[in-house]
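These numbers come from the heavy atoms of this one structure, side chains and all, not from hydrogens, waters or symmetry mates.
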Amino acid sequence: MVKISVVLATKNGQSHLDQAILSILNQTESDFELIICNDHSTDATQKIIQKYVTQDSRVKSFESEFPTGFTNALNYGFSHCSGIYIARMDDDDIAHANRLEVQASYLDQYPGVAIVGSNINFFDDRGIYGQTKMMGIPTKTDIWRGKLFAHPTVMLRKCDITRVGMYSTAENVVRIEDYDYWCRFYSYGLVGINLTDVLLDYREDNQSFKKRNIKRRVRLVIRMYKWRWRLGVSHWYRVFMLYELCKILIPQKMIQRYHRHHFRLE
């Protein structure tokens, strides 16, 4: 058994996968395993993964052993974790060297906390252009409104995942699986925290914004309707569902410009 299992799901991730893997292998915390789930890639992804499997015994690879899909890959990875804690990682991001050490230390110290996230730097091919100031201790209402955790920064307790279950693989949570998952965690009375530390560089380029389409926004509002009842959120907050729908009317380029301005480095 290891202390931490890091789960990385990838599909055709050859462009940035090397950098993501190395950022985990070069952590100051050494008691971990890196579980990489290759979601039916058709490029050189598996060749890159196999290189690290050969070089480092901490790397474990599963290739196309599950139905295609991001959440299927994550769930398969979770089911093969032996760590006390489970950390998420994406195939195009860069974890800071102390990420695992800082988050595991916090979970060691505070057994009542189920989810530990952190702040992130936003970057693209031109470099870092912004930084978040995440809400420190989100309430149920905050989570319902979408004031969440940066998905690839989270570290969870395996025992809580056993209790809550895996990510939903339903079509109605595609691209919002993290929103649905954190609402489920909070519906069980579990809580999380965002550390003030910046522990990950998050790739947010033009391609990333294209994923935020109308279908995703509609799915989000439908899930908000569902979770408002289950989380006991006051009916006065229904206006935020309308707010999310109104975003459909805003051109994507304008949202992208606002994003860069809002999170710009001081």
*Would you please name every residue forming a ring-ring contact (aromatic ring centres under 6.0 Å, His included) with Tyr167, sequence neighbours left out?*
Phe78, His151, Tyr181
*Answer yes or no: is there a side-chain heavy-atom contact under 4.5 Å between Ile35 and Val6?*
no
*If you take all heavy atoms of Leu231 and Lys140, which pair is closest and at what distance?*
O-CD, 3.6 Å
Do [X] and [Y] get their side chains close enough for a donor-acceptor pair, meaning under 3.5 Å?
{"X": "Asn38", "Y": "Thr45", "answer": "no"}
{"X": "Glu33", "Y": "Ser82", "answer": "yes"}
{"X": "Ser118", "Y": "Asp197", "answer": "no"}
{"X": "Ser61", "Y": "Gln46", "answer": "yes"}
{"X": "Asp90", "Y": "Tyr202", "answer": "no"}

*State yes or no: do Trp182 and Met241 share one hydrophobic cluster built from I, L, V, M, F, W and Y residues joined by side-chain heavy-atom distances below 4.5 Å, directly or via other members?*
yes
*Atom CZ of Arg223 and atom CD of Glu177: how far apart are they, to the nearest 0.5 Å?*
11.5 Å
*Determine the sole option in Arg217, Arg238, Arg145 for which the salt bridge (Lys or Arg N to Asp or Glu O under 4.0 Å) test with Glu244 is passed.*
Arg217
*In plain terms, say whether Asp93 and Arg203 are close enough for a salt bridge, that is, a side-chain N and a carboxylate O under 4.0 Å apart.*
no
_Looking at Arg175 and Asp180, is there a salt bridge between them, counting it only when a charged N and a carboxylate O are closer than 4.0 Å?_
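Here Asp180 does not pair with Arg175 in a salt bridge, since their nearest N and O are not under 4.0 Å apart.
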*asked:* Using only atom types and a distance under 3.5 Å, with no angle test, would you say the side chain of Ser5 pairs donor to acceptor with the backbone of Cys81?
replied: no
*When the ring centroid of Tyr76 is compared with that of Phe62, is the distance short of 6.0 Å?*
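Ring-ring flag for Tyr76/Phe62: true, centres closer than 6.0 Å.
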*Please collect all ring pair (Phe, Tyr, Trp, His ring centres under 6.0 Å) contacts where either partner lies in residues 14-50, sequence neighbours excluded, each pair once.*
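Counting only pairs at least two positions apart or across chains, the ring pair (Phe, Tyr, Trp, His ring centres under 6.0 Å) contacts touching residues 14-50 are His40-Phe66.
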